[in-house]
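Reading through the structure tokens given below for one structure.
Numbering of residues begins at 1 and proceeds along the displayed sequence.
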Amino acid sequence: MTGPPTPEAGAVRPRLPGQPGRPDVFTFGETMVALRGSGPLKLGGTLQVSVAGAESNVAIGLARLGHDVRWAGAVGADEAGQLVLRTLRAEGVDVSGASTDPAAPTGLLWSEPRLPDVTRVHYYRAGSAGSRLTADLIRGAFSAAPPRVLHLTGITPSLSATARKAARQILPFARECGSLVCLDVNFRARLWTAAEAAAALRTWVPFVDVLIASEDELPLCLPDGEGERPPLAAQAGLLLDLGVGEVVVKLGAEGATAFTRGGRLHRPAPSVRAVDAVGAGDAFVAGYLSALLDGEEPAGRLATGVTTGAFAVASAGDWEGAPTRAELGMLDAPPGTVVR
């Protein structure tokens with residue numbers, strides 16, 4: 001059995017030309033209703049209702065920064081699904097490629113703060129509408145308006161065999177359309193094992209232009225090998241040799257490092273009072289891609305990425321604290337500043 005074609009390592013990457021009618025970014029995945037507790041669930045308490053999903057978090061972050069973003073996915077024919085679509089529309093995200101599945105519910109997640117710096121998340125997404133994504137749905141939504149950037153995460157292929165197939169099949173099509181491909185590994189141990197993730201993601205690597213991962217996620221994309229894990233720079237070098245255009249490593253409070261064929265560049269994170277770290281990685285991706293779309297070099301991309309990530313850390317919620325373009329400079333304001 002043969003799969004989709006694999007591009008040659010070192011193939012020429014798209015240059016992100018701006019074209020009328022071509023959206024900046026297309027992304028897809030599952031967005032759920034999010035119930036955020038005030039404490040341990042077994043003790044009751046209050047719940048805040050919102051929506052959450054790695055891909056839609058990035059979409060909202062990019063839309064707030066002024067980009068034309070399309071999101072595709074499936075929601076149930078229920079009130080929860082309407083909340084998802086209504087929220088994304090309200091944030092300026094195009095959801096014309098989304099579908100409603102009358103035979104499955106919208107996914108759900110609960111989050112509970114257990115310690116000041118530890119939050120537990122519980123997923124209820126098995127058999128959900130979002131897990132039943134198909135290759136036809138995603139290809140149709142993508143081809144309606146091929147984007148400058150296709151953004152994927154490692155969460156979508158973990159949801160089901162059909163979602164994994166949809167993600168894998170869109171990669172060569174994106175290459176044919178001249179779309180730059182961004183992959184945020186976003187490994188979720190509650191959804192699949194590291195071995196399962198590695199088996200899938202390693203086949204994606206030759207199609208990826210921008211690979212974003214935390215330091216512990218990067219090995220999931222490396223060729224299978226024995227012995228000690230090589231240093232971070234060596235891991236990035238292996239991925240660059242496989243054809244990845246740039247490797248960006250998220251380092252949390254320490255900032256982020258980008259590796260390209262031109263070398264290595266690090267940017268520390270701004271110092272902010274941490275409120276909620278959930279969604280910080282997605283906010284970083286939104287900022288990084290925004291600067292990439294703006295034509296910034298890696299230094300500018302990292303600067304915007306750590307800034308948007310800091311906004312997320314300083315705010316409660318998965319995406320609610322995402323800044324607008326006009327707000328990006330607010331982190332430089334001295335404490336006690338009142339903007340009038």
Side-chain angles (χ1 to χ4, degrees), residues 1-31 53-56 58-59 62 67-74 88 93-99 101 129-186 197 199-212 221 239 242-247 285 289 292-293:
M1 183 170 137
T2 60
T6 299
E8 296 181 3
V12 176
R13 301 301 187 181
R15 303 295 296 176
L16 291 183
Q19 297 180 13
R22 185 167 187 172
D24 291 329
V25 179
F26 173 83
T27 189
F28 64 94
E30 179 173 33
T31 298
E55 299 84 4
S56 57
V58 172
L62 283 162
H67 296 284
D68 181 6
V69 190
R70 301 182 73 236
W71 174 87
L88 293 179
V93 177
D94 183 344
V95 295
S96 59
S99 69
D101 186 340
S131 72
R132 289 154 55 106
L133 287 174
T134 65
D136 288 344
L137 169 66
I138 299 307
R139 185 180 176 108
F142 181 94
S143 60
R148 297 169 68 194
V149 174
L150 166 65
H151 174 62
L152 299 166
T153 77
I155 297 175
T156 298
S158 73
L159 300 178
S160 66
T162 57
R164 192 173 310 144
K165 181 179 179 181
R168 180 64 178 86
Q169 290 192 356
I170 202 65
L171 290 166
F173 188 53
R175 174 57 57 83
E176 292 172 11
C177 294
S179 299
L180 183 145
V181 175
C182 173
L183 167 64
D184 182 6
V185 173
N186 238 331
L201 297 179
R202 285 168 183 164
T203 67
W204 292 19
V205 168
F207 296 95
V208 174
D209 299 294
V210 179
L211 192 152
I212 303 176
C221 299
L239 291 166
L242 290 172
V244 177
E246 57 195 87
V247 178
V285 173
L289 287 180
L292 177 66
L293 287 159

Measuring from [X]:[atom1] to [Y]:[atom2], what's the distance to the nearest 0.5 Å?
| X | Y | atom1 | atom2 | answer |
| --- | --- | --- | --- | --- |
| I170 | L152 | CD1 | CG | 8.5 Å |
| R168 | T203 | CZ | OG1 | 4.5 Å |
| E30 | T153 | CD | OG1 | 10.5 Å |

Check your understanding: Is there a side chain to side chain contact (heavy atoms under 4.5 Å, CB included) between V25 and L293 once you walk through the steps?
Key -> CA-CA 9 Å; V25 179; L293 287 159; 3.7 Å; yes
Please list, chain by chain and in numerical order, all residues satisfying side chain to side chain donor-acceptor pair (under 3.5 Å) with [X], sequence neighbours excluded.
| X | value |
| --- | --- |
| T27 | none |
| S131 | none |
| D24 | H67, R148 |
| R132 | D101 |

How close do [X] and [Y] get, counting heavy atoms only, and between which atoms?
| X | Y | result |
| --- | --- | --- |
| N186 | A54 | ND2-CB, 3.6 Å |
| V205 | C221 | CG2-O, 3.5 Å |
| S179 | R22 | OG-NH2, 3.4 Å |
| A74 | A129 | CB-O, 3.4 Å |
| T156 | G29 | OG1-CA, 3.4 Å |
| L137 | G97 | CD1-O, 3.8 Å |

Study note, to complete from the structure: The complete set of ring-ring contact (aromatic ring centres under 6.0 Å, His included) pairs with one or both residues in residues 145-171, sequence neighbours excluded, reads none
Review point. Going by the ring-ring contact (aromatic ring centres under 6.0 Å, His included) test, which pairs reach into residues 161-185, not counting sequence neighbours?
Key: F142-F173
Point to revise | With R70 via side chain to side chain contact (heavy atoms under 4.5 Å, CB included) - residues at least two apart | key: P23, F26, D94, S96, A144, A145
Revision key, fill the gap. Applying side chain to side chain contact (heavy atoms under 4.5 Å, CB included) to S158 and not counting sequence neighbours gives I155, L191, W192
Check your understanding: Which is it for K165 and Q169 under the side chain to side chain contact (heavy atoms under 4.5 Å, CB included) test, yes or no, and what are the steps along the way?
Key -> CA-CA 6 Å; K165 181 179 179 181; Q169 290 192 356; 3.0 Å; yes
Exercise for review: With D184 as reference, evaluate V285, L211, V58 under the side-chain contact (heavy atoms from CB on, under 4.5 Å) test and give the passing residue.
Suggested key: V285
**Study point:** Derivation and outcome, side chain to side chain contact (heavy atoms under 4.5 Å, CB included), residues V93 and S56
**Key:** CA-CA 9 Å; V93 177; S56 57; over 6 Å; no
**Study point:** Any residue meeting salt bridge (Lys or Arg N to Asp or Glu O under 4.0 Å) with E55, in chain and number order, not counting sequence neighbours
**Key:** none
Check your understanding: Could you walk me through whether V181 and W204 pass the side chain to side chain contact (heavy atoms under 4.5 Å, CB included) check?
Key -> CA-CA 10 Å; V181 175; W204 292 19; over 6 Å; no
